[in-house]
Amino acid sequence: MELDVRGEICPYPMMKAVEAMRALPEGEYLEVYTDHSPCLDTIPTQAARLGFETSIEKIGSPEWRITLRRKP
Amino acid sequence: MELDVRGEICPYPMMKAVEAMRALPEGEYLEVYTDHSPCLDTIPTQAARLGFETSIEKIGSPEWRITLRRKP
Amino acid sequence: MTTTTTAEPRTGPLRLNLQPGVGLLVIAAAGLVSLWAARADSQFAVFWLMGMAFGFVLQRSRFCFTSAFRDLFLLRDGRVMKGVIAGMAVATVGFTLIMSDRLPNSRLEVVAPEAHVSPLALALIVGGLAFGLGMVLAGGCISGSMYRMAEGYLGSWVAFAGIMTGLLVAAHTWNWWWRLDIGRAPRLWLPNIAGYGGGVAITLLALAGAYVLILWWESRAGLVIPLTLMTHDPAVTFGDELRRTYRAIFVRGWPAISGGLALGTLNVFLFAYEHPWRITGEISAWASALAGKLNLGLAPPPLLGVETLAGCTLSGAEGVFLNHMTLSNLGLFAGALVAALLAQEFKLRVPRKPIRYAQSLGGGILMGYGAGLAVGCTVGAFFSAVPSLAANGWLFAAALTGGAFLGTKALRWLP
Amino acid sequence: MTTTTTAEPRTGPLRLNLQPGVGLLVIAAAGLVSLWAARADSQFAVFWLMGMAFGFVLQRSRFCFTSAFRDLFLLRDGRVMKGVIAGMAVATVGFTLIMSDRLPNSRLEVVAPEAHVSPLALALIVGGLAFGLGMVLAGGCISGSMYRMAEGYLGSWVAFAGIMTGLLVAAHTWNWWWRLDIGRAPRLWLPNIAGYGGGVAITLLALAGAYVLILWWESRAGLVIPLTLMTHDPAVTFGDELRRTYRAIFVRGWPAISGGLALGTLNVFLFAYEHPWRITGEISAWASALAGKLNLGLAPPPLLGVETLAGCTLSGAEGVFLNHMTLSNLGLFAGALVAALLAQEFKLRVPRKPIRYAQSLGGGILMGYGAGLAVGCTVGAFFSAVPSLAANGWLFAAALTGGAFLGTKALRWLP
């Protein structure tokens with residue numbers, strides 16, 4: 001699943017990401033696209049609490065793809 | 001091999017430990033006994049440079065056993 | 001043995017990026033401004049450079065007072081608030097030494113010069129609630145909106161227009177509040193009743209208590225958020241190490257705790273030179289001067305009692321446009337712009353949902369009005385007031401917390 | 001993603017340890033001393049508490065100026081020197097703001113009050129060489145020996161006796177040095193020739209250059225030493241998190257960079273209150289007063305020119321025994337003792353080889369004599385002089401480096 005929150009400011013990127021993780025069907029993973037750098041600190045923390053693993057890739061200046069997968 | 005440098009101040013514990021690591025026969029490991037806490041920072045660094053792994057155990061207040069093994 | 005991992009992003013294929021080059025040009029231009037400012041007035045140059053330092057640290061550590069309060073409720077995350085507390089603890093020690101140097105006897109019924117002590121008025125609570133609600137709606141407090149303006153967030157520009165409007169409205173209603181409430185309210189500076197030793201001890205214990213409370217609050221969400229500190233692989237070559245040092249300072253975001261400690265230290269330095277860090281007084285002067293220039297009868301009247309207050313007082317029409325604090329605020333933009341460009345984090349960000357503009361404007365107006373009543377924003381009336389050993393810093397913090405709570409409720413209704 | 005591991009020791013089976021309990025008793029006693037000091041003179045209480053803070057940070061970060069210089073040669077390890085440089089960079093900014101507040105026009109032929117500016121004399125080079133050699137032989141400089149005395153190192157007590165002896169000898173030869181050399185030597189305070197802006201820019205660039213030089217020097221040994229920062233597992237419960245926070249502050253050693261930054265910040269705070277951190281002037285007063293009490297004709301004569309110098313000047317027989325700096329030095333012992341007890345690191349450590357006592361005594365005498373000639377030790381004539389924008393701080397550092405190099409050669413001859 002993809003979630004594009006580019007252009008959005010705090011707290012929307014993390015709020016939407018948390019909502020999407022909660023609603024994510026089994027077996028799927030979530031890709032969050034953002035240009036808001038504070039997410040790089042907040043999303044991994046919330047992901048850990050929800051049992052997700054985070055990996056972050058820089059895809060632009062400044063844009064990031066945050067991939068969230070359920071921990072096995 | 002054992003090296004007891006209790007009572008010694010800087011830089012003797014790290015100097016003696018480095019000398020002992022250099023002279024250590026293959027297959028042996030080195031146990032350094034010290035009561036000088038700065039060693040906990042300096043010995044691991046020099047050990048890494050000489051290709052050794054460090055593990056530290058607190059055995060008294062304040063006394064430590066620093067075990068140095070060649071990296072495989 | 002313990003381990004932790006950091007969130008340094010893997011970098012995909014990137015096009016050639018001009019931002020660091022533009023950043024160097026901005027640094028050169030900022031150097032020229034310093035030279036000009038040093039000729040005009042040596043204070044101007046110092047405040048310009050200190051403003052740049054504040055802006056640089058804010059951007060690098062993504063330091064946001066709004067998230068410090070809001071994320072307590074929204075995410076049960078106290079990461080930024082811990083940084084705020086650590087910074088205020090450092091500043092408390094430094095401020096106390098400076099104040100006791102300037103006013104050795106604290107038991108007189110006077111307050112150390114430039115300490116941010118203001119009345120414990122109803123207006124402070126109303127202002128804090130409005131500010132807390134407004135900053136959550138706008139996604140940033142005043143300092144936060146300022147460094148985000150420099151990063152290219154269009155919404156923050158709208159919020160800043162709201163802030164100026166709110167400060168102007170506050171100036172128009174100031175005399176009413178002063179007569180009814182602020183002018184009659186007591187002020188409480190801890191050293192007057194407990195000495196410097198007592199004041200500093202009470203403040204540090206209260207900050208330690210707040211820190212522990214946050215740890216407890218976080219733990220109720222099942223996983224405590226670790227205090228993130230930078231980590232890295234052992235480098236092997238000189239080039240690796242240089243690159244890593246550069247990236248740690250200029251590219252990767254700093255942990256919130258480093259940002260808080262740096263801001264607290266800078267705040268002490270600025271007080272040692274002149275007075276604590278403050279922002280809104282000058283923005284109010286800009287708003288009032290602009291209103292006066294427009295000749296539409298919008299200029300506020302002379303304001304009652306502001307000469308008896310220290311800190312971020314509102315300006316009536318008589319406000320001076322260019323003073324040392326103008327340089328400090330402009331420096332904040334310049335420092336944040338330099339930081340954003342060097343980190344390749346500058347981008348024009350345009351909100352896609354129309355309601356975001358309304359939120360930014362409305363939130364800005366609430367913040368401006370609240371900062372007017374409270375004699376300062378999260379910086380002047382909180383981050384500089386608590387270390388001034390002033391009770392109003394704590395009352396404002398409580399009201400901000402309430403306002404931020406209301407804000408998180410409001411956020412859930414909005415799309 | 002990067003990972004690193006820390007050297008937190010696994011803890012074996014330990015007997016019940018009384019040290020933290022004794023530490024709490026020392027804290028209570030220190031509180032009583034503060035109250036007594038505050039009654040005698042409010043300055044006394046501030047210097048006592050600031051001294052405790054310096055001692056606490058020194059012990060917690062195992063901060064040793066000797067190892068900063070010595071380990072560059074002995075281990076090609078710049079870990080501590082990086083902390084020293086970071087602390088001086090912070091202090092440079094803070095000191096400059098304070099000095100420019102107290103002396104706005106730096107182009108006059110005067111120096112800001114209390115800045116550690118002293119003559120660029122041959123005695124400064126001789127003093128630095130002697131000090132550098134002595135500190136390596138004794139295994140600690142003056143501040144280092146003082147906090148190790150509190151930790152229970154018998155050798156450091158012997159070194160301290162040597163330091164007092166050396167300072168007394170220096171006081172006896174001072175007038176000769178003054179007439180021949182020190183009294184005629186020029187002083188160079190950077191703001192006199194380059195303004196505050198130029199002075200701070202030169203100093204910060206030089207510190208950055210020194211930092212890069214150290215990275216290069218370390219890299220020649222094949223592996224760069226990572227700047228260690230604290231790391232830890234994510235905690236799950238409130239209790240875990242509280243315990244971890246307590247251990248990070250009070251039990252585990254702090255990284256050298258944290259220690260350097262904390263000492264630099266404290267130094268700015270002390271200057272904002274009164275003057276920079278200094279140690280040896282007071283020890284010289286103790287030595288001279290003690291010599292006078294003994295009535296053996298050992299008391300030094302009145303010293304020439306000391307009233308024209310700022311910083312850690314020697315005392316003749318007229319030295320006052322109890323002043324604010326006495327409290328600062330005693331506080332250093334108390335703070336280090338508290339830190340050592342809470343961390344369970346107090347122990348009476350008795351060197352087994354007789355030669356170590358000779359090294360400590362001889363090294364101490366060299367340090368005392370060197371600090372007398374150089375108007376200060378690694379603290380007053382280096383760590384407080386470089387941020388004072390004084391050229392003598394750099395010259396002393398160069399001489400210390402040379403002395404430390406000689407010391408590492410000497411160490412290899414000794415058993």
Side-chain angles (χ1 to χ4, degrees), chain B residues 1-24 26 28-72, chain D residues 5-15 17-19 59 62-64 66-67 70-71 74-77 79-80 136 138-140 144 148 151-156 159 221-223 225-226 228 252-253 255-256 340 343-353 356 359-360 408 411-412 414:
Chain B
M1 217 178 92
E2 287 193 10
L3 173 69
D4 184 350
V5 286
R6 282 175 288 191
E8 290 276 24
I9 201 170
C10 284
Y12 292 104
M14 6 330 194
M15 272 176 75
K16 306 275 179 203
V18 167
E19 283 167 18
M21 278 189 274
R22 289 222 167 98
L24 197 69
E26 279 297 328
E28 282 230 38
Y29 62 90
L30 177 67
E31 286 187 342
V32 182
Y33 291 87
T34 182
D35 51 16
H36 187 61
S37 62
C39 303
L40 309 182
D41 288 321
T42 48
I43 290 181
T45 306
Q46 296 307 315
R49 279 183 167 161
L50 294 168
F52 280 74
E53 280 178 339
T54 310
S55 74
I56 300 172
E57 195 173 357
K58 187 164 187 179
I59 55 170
S61 292
E63 279 183 27
W64 295 272
R65 176 170 46 225
I66 305 178
T67 308
L68 300 157
R69 289 170 204 276
R70 276 213 182 73
K71 275 186 194 151
Chain D
T5 54
T6 60
E8 171 146 42
R10 282 178 292 122
T11 305
L14 288 181
R15 287 146 298 174
N17 196 297
L18 297 175
Q19 290 199 25
Q59 200 282 337
R62 301 156 181 171
F63 204 82
C64 177
T66 304
S67 79
R70 180 197 61 214
D71 294 351
L74 203 61
L75 309 172
R76 276 195 191 262
D77 179 339
R79 195 177 47 83
V80 182
V136 171
R148 294 230 170 97
E151 290 183 311
Y153 285 84
L154 190 63
S156 300
L223 180 71
I225 287 100
T228 317
R252 296 175 57 184
Q344 305 184 8
E345 292 191 359
F346 180 86
K347 184 189 166 196
L348 185 66
R349 293 160 178 97
V350 183
R352 297 184 209 160
K353 293 189 182 166
R356 297 284 179 262
Q359 280 179 248
S360 293
T408 54
L411 280 185
R412 295 190 201 277
L414 294 165

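The analysis underlying the following values was restricted to heavy atoms, covering all of them including side chains, and did not include hydrogens, waters or symmetry mates. The chains referred to below are lettered A, B, ... by the order of the sequence lines, with proteins before strands, and numbering in each begins at 1. Source: prediction; values computed, not measured.
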Considering all heavy atoms, the nearest [X]-[Y] contact:
X	Y	result
B:Ile9	D:Gly139	CD1-O, 3.8 Å
B:Ser37	D:Tyr153	N-OH, 4.4 Å
B:Arg49	D:Asp77	NH1-N, 4.4 Å
D:Arg148	B:Cys10	NH2-SG, 4.2 Å
B:Pro62	D:Lys347	CD-CB, 3.3 Å
D:Lys353	B:Lys16	NZ-NZ, 3.9 Å

Less than 4.5 Å to any heavy atom of chain B: does that hold for the side chain of [X], its backbone, both, or neither?
X	result
D:Ala340	neither
D:Ser156	side chain
D:Gln59	neither
D:Glu345	both
D:Leu154	neither

- Name the member of D:Glu151, D:Arg412, D:Gln19, D:Arg70 that forms the most heavy-atom pairs with chain B at distances under 4.5 Å.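 Most heavy-atom pairs within the cutoff with chain B belong to D:Arg70.
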- Message: With a 4.0 Å cut-off on N to O distance, would you call B:Asp4 and D:Arg352 a salt bridge?
- Response: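 D:Arg352 and B:Asp4: salt-bridged.
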- Query: If we only count heavy atoms from C-beta on, is the B:Thr42 to D:Asp71 side-chain gap below 4.5 Å?
  - Reply: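 A side-chain contact exists here, since the closest heavy-atom pair is under 4.5 Å.
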- Can you tell if the side chain of B:Met14 reaches within under 4.5 Å of the side chain of D:Leu74, non-hydrogen atoms only?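 No, every pair of side-chain atoms sits at 4.5 Å or beyond.
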- Below 4.5 Å from any heavy atom of chain D, which atoms of B:Arg65 appear? Answer side chain, backbone, both or neither.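 Neither; nothing under 4.5 Å.
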- Item | Interatomic distance, D:Arg79 atom CZ to B:Asp41 atom CG [nearest 0.5 angstrom] |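 D:Arg79 atom CZ to B:Asp41 atom CG measures 4.5 Å (nearest 0.5 Å).
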- Could you give the distance from NE2 (B:His36) to CZ (D:Arg349), rounded to the nearest 0.5 Å?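 Interatomic distance, B:His36 NE2 to D:Arg349 CZ, rounded to 0.5 Å: 8.0 Å.
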